[in-house]
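Here's the structure, in structure tokens; my notes come after.
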Amino acid sequence: MDTKKPIITVKNLVKKYDDIIAVQGLSFDVYENEIFGLLGPNGAGKTTTLEIIETLREKTSGEIIVDGYSVDKQAHQIKQIIGVQLQAAGYYPNLNLIELIELFAGLYGANIKPMEMLAKVNLQDKAKSKYKALSGGQKQRFSIATTLINEPKIIFLDEPTTGLDPQARRNLWDLIIQIRNNGTTVVITTHYMDEAEQLCDRVAFVERGQIIALDTPDNLIDKLVNSGFERKKEVKKANLEDVFINLTGKEWRE
Ligand SMILES: Nc1ncnc2c1ncn2[C@@H]1O[C@H](COP(=O)(O)OP(=O)(O)OP(=O)(O)O)[C@@H](O)[C@H]1O
């Protein structure tokens, strides 16, 4: 990361659902061209925060600026520069992958070559397949391809690797890193700490709608270690996931 220019600024974000306060005064910046992770337990307010930044959900109060645009007054401009994963229900069952990409490109008015989009996520071979015929990893890669159709400055990925096997997860990490290296800012939520450690330039821990820590994974780990923390058991040189990958290989499987 060369630059530390904020591309998203969230100030004192509050979201109330009737009597539940889901987000209680969150403030953070996401820097241009980083992979920023929102981590935290179920119900902490991560998805709510993402959806408000994506202009898909109303906030109760607070201020959000995305690439210079305010969510209050310039939601339309924000929608044009972001990429959001659709729920699977949005993929019309009778269309194949090429047709789905063409459909989304038409909706965005984007002039892209569908095969090139599929190649970006290594799904050229599945161009004529229907979405429901894809494996879990392929579905996630397709869904990430759809976020890239409008050549967005920022993409938002909500738990993109949940339910995937170790190879598929690692392949998806490579893809996400490649997207960041091509100049796109990535905001991601995950429950996997190994994933956050490998993938994210910085992470924010959200707990009960508040940020309780925000830094690079290395700094957060160093801070814990410097406070005297020690793991109970000696760290093994490999873990069971390493065994899995070593036995079954790293190549694209599905
Ligand atoms: N549409 C809604 N109506 C009412 N309450 C909601 C709604 N959406 C979320 N909530 C509540 O807001 C809180 C935060 O939910 P949110 O989905 O943002 O958390 P999360 O951190 O994304 O959780 P997870 O890790 O499980 O996805 C939870 O208490 C949830 O029950």
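Whatever order the structure lists them in is the order used to number ligands and atoms, beginning at 1.
Among all heavy-atom pairs drawn from Pro217 and Asp201, the shortest one is CD-O, 3.5 Å.
Within 4.0 Å of ligand 1, the residues that place a heavy atom are Tyr17, Ala22, Pro41, Asn42, Gly43, Ala44, Gly45, Lys46, Thr47, Thr48, Arg57, Glu159, His191, listed by chain and number.
Note on Lys46 versus Asp158: no salt bridge recorded, every NZ/NE/NH1/NH2 to OD/OE distance being 4.0 Å or above.
Asn111 CG: 12 or fewer foreign heavy atoms inside a 6.0 Å radius. Residue Glu151 qualifies as open at atom CD: its count of foreign heavy atoms under 6.0 Å is 12 or below.
Among Asn12, Thr49, Asp72, the single residue meeting the side chain to side chain donor-acceptor pair (under 3.5 Å) criterion with Lys59 is Asp72.
Judged by a 6.0 Å distance limit and a 45° cone about the ring axis, Lys73 is not positioned over the six-membered ring of Tyr69.
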